[in-house]
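Have a look at the structure below before the remarks.
Worth knowing before you read on, the calculation uses all heavy atoms, side chains too, and leaves out hydrogens, waters and symmetry mates.
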Amino acid sequence: MELRIRHCTTYRYQSPVDMAQHMLHLTPRETATQRVLAHRLAIAPEPATVHQTKDAHGNLRTFFAQEAPHEALSVLADSTVHTRAPQPLPEGAPWRGMAWERVREHFRYRVNAPYEAAAEFVFASPMVPRDEAFSEWARPAFEPGLPLLQAARALMERIHTELRYETASTEVNTPALEALAQGKGVCQDFAHIMIGCLRSLGLPARYVSGYLLTQPPPGKPRLIGADASHAWVSVYAPASGDTPGQWFDFDPTNNRCGAGSPGEDYVTLAIGRDFSDVSPMRGVIQGGAQHTLEVAVTVAPPAELEGRELDPRDGR
């Protein structure tokens, strides 16, 4: 499946910003189920400095600096990717015999144990603490001896069923424990809650940011700029015998999962410990006072966006 993603962010300031530095995570990753065919960034006003590097998690990030006064800033990321359907969660060996308790013990700290990169995702992170409230809420899904992937799917289904998706019910910085306590949130909250549950049981889990293709109502055209970013979770199953360790993806918002992504209609943007690692855009400014923020996202087959120029002043 080919998908084009246009993600436009526009800031308008009450008074001019004298100087600014920003970091972007808006470049899709290359993965086993995804290939990047094209990617461009358009920034207005034109920055004085732009450069791209990889962060600690292998995400491509773009730094840019504005050194001239400006009253507005627009960043438009235009990407085209080719995705393929992921494999379903495996049910046979070795995964069938890998009980979640075994995985927990595998990642328990031991002196002089060999380093395993996935172990970094067992610890608390800025937006996801390890807390008994998470482990207690998750316990019904983690029956003794249940294979890891079955337990993770049961947890995903419980979040999807028992928590309520409600737009604008939380803020971007709402703590995961608060979202769990109120029983509602958005995809970012559901991902953080699932990660908190897994880590509090000693299991490695990471945050995945990206996009999901949505379909307009029958007979209606696709609304340009009306989509949104999405978020889900990856769970790590360690190596067993000749089978290498692997990450498996779970989307508690939509109750979908798979090996490499939850589905062919998903686009992976970045991975991290939580949202704070992969915020699409963040920065520091001098001046500006109060500001307004507009974000417009469109995910569509490329043919539906033909003829639309890459213009950072046009988020639609």
Side-chain angles (χ1 to χ4, degrees), residues 5-29 36 38-79 124-128 168 170-176 186-189 191-192 195 206-211 225 227-231 267-299 310-316:
I5 306 98
R6 290 168 51 90
H7 185 144
C8 187
T9 305
T10 303
Y11 284 92
R12 293 183 174 85
Y13 305 103
Q14 191 176 61
S15 59
V17 170
D18 297 317
M19 298 178 63
Q21 295 182 344
H22 295 278
M23 185 70 75
L24 309 176
H25 279 95
L26 286 170
T27 305
R29 291 178 67 101
V36 180
H39 173 73
R40 294 179 62 195
L41 281 172
I43 303 171
E46 185 175 350
T49 302
V50 181
H51 65 260
Q52 192 172 70
T53 59
K54 282 190 176 183
D55 66 15
H57 304 297
N59 306 305
L60 282 172
R61 60 184 179 182
T62 303
F63 168 85
F64 71 90
Q66 304 276 10
E67 298 178 357
H70 53 280
E71 296 183 349
L73 171 65
S74 291
V75 176
L76 176 59
D78 191 343
S79 307
S125 58
M127 300 186 74
V128 184
T170 56
E171 303 291 339
V172 69
N173 58 352
T174 297
V186 295
C187 59
Q188 174 182 307
D189 304 300
H192 281 161
I195 291 169
R206 65 189 186 185
Y207 184 96
V208 187
S209 71
Y211 308 97
D227 293 326
S229 299
H230 193 46
V267 175
T268 299
L269 193 58
I271 58 173
R273 297 168 300 165
D274 57 36
F275 174 79
S276 67
D277 282 343
V278 297
S279 174
M281 180 173 174
R282 65 173 56 202
V284 293
I285 63 173
Q286 179 180 328
Q290 295 183 347
H291 67 266
T292 60
L293 169 63
E294 297 177 8
V295 178
V297 176
T298 303
V299 182
L310 183 70
D311 185 350
R313 296 165 299 180
D314 177 18
R316 302 186 66 79

Residues Leu76, Thr10; criterion side chain to side chain contact (heavy atoms under 4.5 Å, CB included); working and verdict: CA-CA 9 Å; Leu76 176 59; Thr10 303; over 6 Å; no
Residue pair Val278, Tyr207: steps toward the side chain to side chain contact (heavy atoms under 4.5 Å, CB included) verdict: CA-CA 9 Å; Val278 297; Tyr207 184 96; 3.7 Å; yes
For Met127 against Asn173, the heavy-atom pair lying closest together: CE-CA, 4.0 Å
Closest approach of Gly283 to His22 (non-hydrogen atoms, all atoms of both residues): CA-ND1, 3.7 Å
Nearest non-hydrogen partners of Ala72 and Tyr13, listed with the distance: N-CD1, 4.0 Å
Step-by-step side chain to side chain contact (heavy atoms under 4.5 Å, CB included) determination, Thr174 to Asp189: CA-CA 8 Å; Thr174 297; Asp189 304 300; 4.3 Å; yes
Scan the side chains in residues 56-63 for donor-acceptor partners under 3.5 Å anywhere in the protein, sequence neighbours excluded, and list what turns up.
| unit_1 | atom_1 | unit_2 | atom_2 | d |
| --- | --- | --- | --- | --- |
| His57 | NE2 | Asp277 | OD2 | 3.4 |
| Asn59 | OD1 | Arg29 | NH1 | 2.6 |
| Asn59 | OD1 | Ile271 | N | 2.9 |
| Asn59 | ND2 | Asp55 | OD1 | 3.4 |
| Asn59 | ND2 | Asp55 | OD2 | 3.0 |
| Asn59 | ND2 | Ile271 | O | 2.7 |
| Arg61 | NE | Thr53 | OG1 | 3.2 |
| Thr62 | OG1 | Gln52 | NE2 | 3.1 |

Ser276 backbone acceptor or donor facing Ser279 side chain under 3.5 Å: no
Pairwise ring pair (Phe, Tyr, Trp, His ring centres under 6.0 Å) hits with a residue in residues 271-291, at least two apart: Tyr11-His291
Exercise: identify the closest heavy-atom pair between Val128 and Asp274: N-OD2, 3.7 Å
Distance, nearest 0.5 Å, that separates NE2 of His70 from CE of Met19: 10.5 Å
Inter-residue atom distance Thr9.OG1 - Ile43.CD1, 0.5 Å rounding: 10.5 Å
Reported CD-to-CZ distance for the pair Gln21 and Phe64, which is rounded to 0.5 angstrom: 10.5 Å
Heavy-atom closest pair, residues Val172 and Gln188: O-NE2, 2.7 Å
pair His39-Leu41: side-chain heavy atoms closer than 4.5 Å: yes
Pairwise distance CD(Gln290) to CD(Gln14) - rounded to 0.5 angstrom: 5.0 Å
CD1-OG distance between Ile5 and Ser229, expressed to the nearest 0.5 angstrom: 10.5 Å
With Pro280, the side-chain contact (heavy atoms from CB on, under 4.5 Å) member among Met23, His7, His25: His7
Heavy-atom pair of closest approach, residues Val267 and Pro28: CG1-CB, 4.5 Å
Atom pair CD (Glu67) and CG (Asp18), whose distance is rounded to the nearest 0.5 Å: 12.0 Å
